[in-house]
Amino acid sequence: LIALLVVLALLVVLVTLMVVLVAMNSQPHDEAALLSDWSAVLPWPVFTARNGLAELLRAGADALTPPPIKMLELTMGFHHTTLVHLAQKLKIPDMLAEGPLSA
């Protein structure tokens, strides 16, 4: 079962890389094009296969994760949410969007 999950994970990675490479080769190679490529819709068969395999891998990972680690992940979710809220409150994304500062 684990070997099958590993093979499926590799298949998901390969399909995703192929789709990204095709999308990157069809657009000019500038930063704006690379940033906008992620909004392109995947073909329906690729989308459903990718999501199905990802769900299967998540289910396998959940089945193999011990209960204490699951509890730790749940409690850390609160901290991640708090950090994202704090970053937004301090307007850190706005400062990063302005670009790097000089020394």
Side-chain angles (χ1 to χ4, degrees):
L1 179 65
I2 293 175
L4 178 64
L5 291 176
V6 169
V7 170
L8 290 175
L10 290 173
L11 183 63
V12 167
V13 169
L14 287 175
V15 168
T16 304
L17 282 175
M18 286 175 26
V19 169
V20 168
L21 288 175
V22 167
M24 286 176 61
N25 288 331
S26 66
Q27 297 288 328
H29 293 284
D30 60 27
E31 187 174 346
L34 291 175
L35 292 175
S36 64
D37 281 345
W38 298 106
S39 64
V41 179
L42 293 174
W44 182 250
V46 174
F47 175 77
T48 55
R50 184 202 169 281
N51 284 346
L53 289 173
E55 184 60 35
L56 181 66
L57 292 172
R58 268 193 233 83
D62 287 343
L64 296 173
T65 304
I69 301 299
K70 287 182 184 178
M71 289 301 296
L72 180 63
E73 289 174 353
L74 287 172
T75 57
M76 291 304 291
F78 170 76
H79 297 295
H80 293 175
T81 306
T82 304
L83 288 172
V84 169
H85 173 72
L86 182 63
Q88 187 276 329
K89 195 171 185 178
L90 296 174
K91 299 184 191 278
I92 292 173
D94 296 332
M95 289 186 272
L96 293 174
E98 295 171 5
L101 299 176
S102 61

Separation between CG of N51 and CZ of F47, rounded to the nearest 0.5 Å
4.0 Å
Below 3.5 Å, can you tabulate the donor-acceptor pairs from side chains in residues 85-97 to any protein atom, sequence neighbours excluded?
none

Would you list the atom pairs, donor with acceptor, under 3.5 Å between side chains in residues 61-76 and any protein atom, with sequence neighbours excluded?
from	atom 1	to	atom 2	distance (Å)
T65	OG1	A61	O	2.6
K70	NZ	D62	O	3.0
T75	OG1	M71	O	3.3
T75	OG1	L72	O	2.8

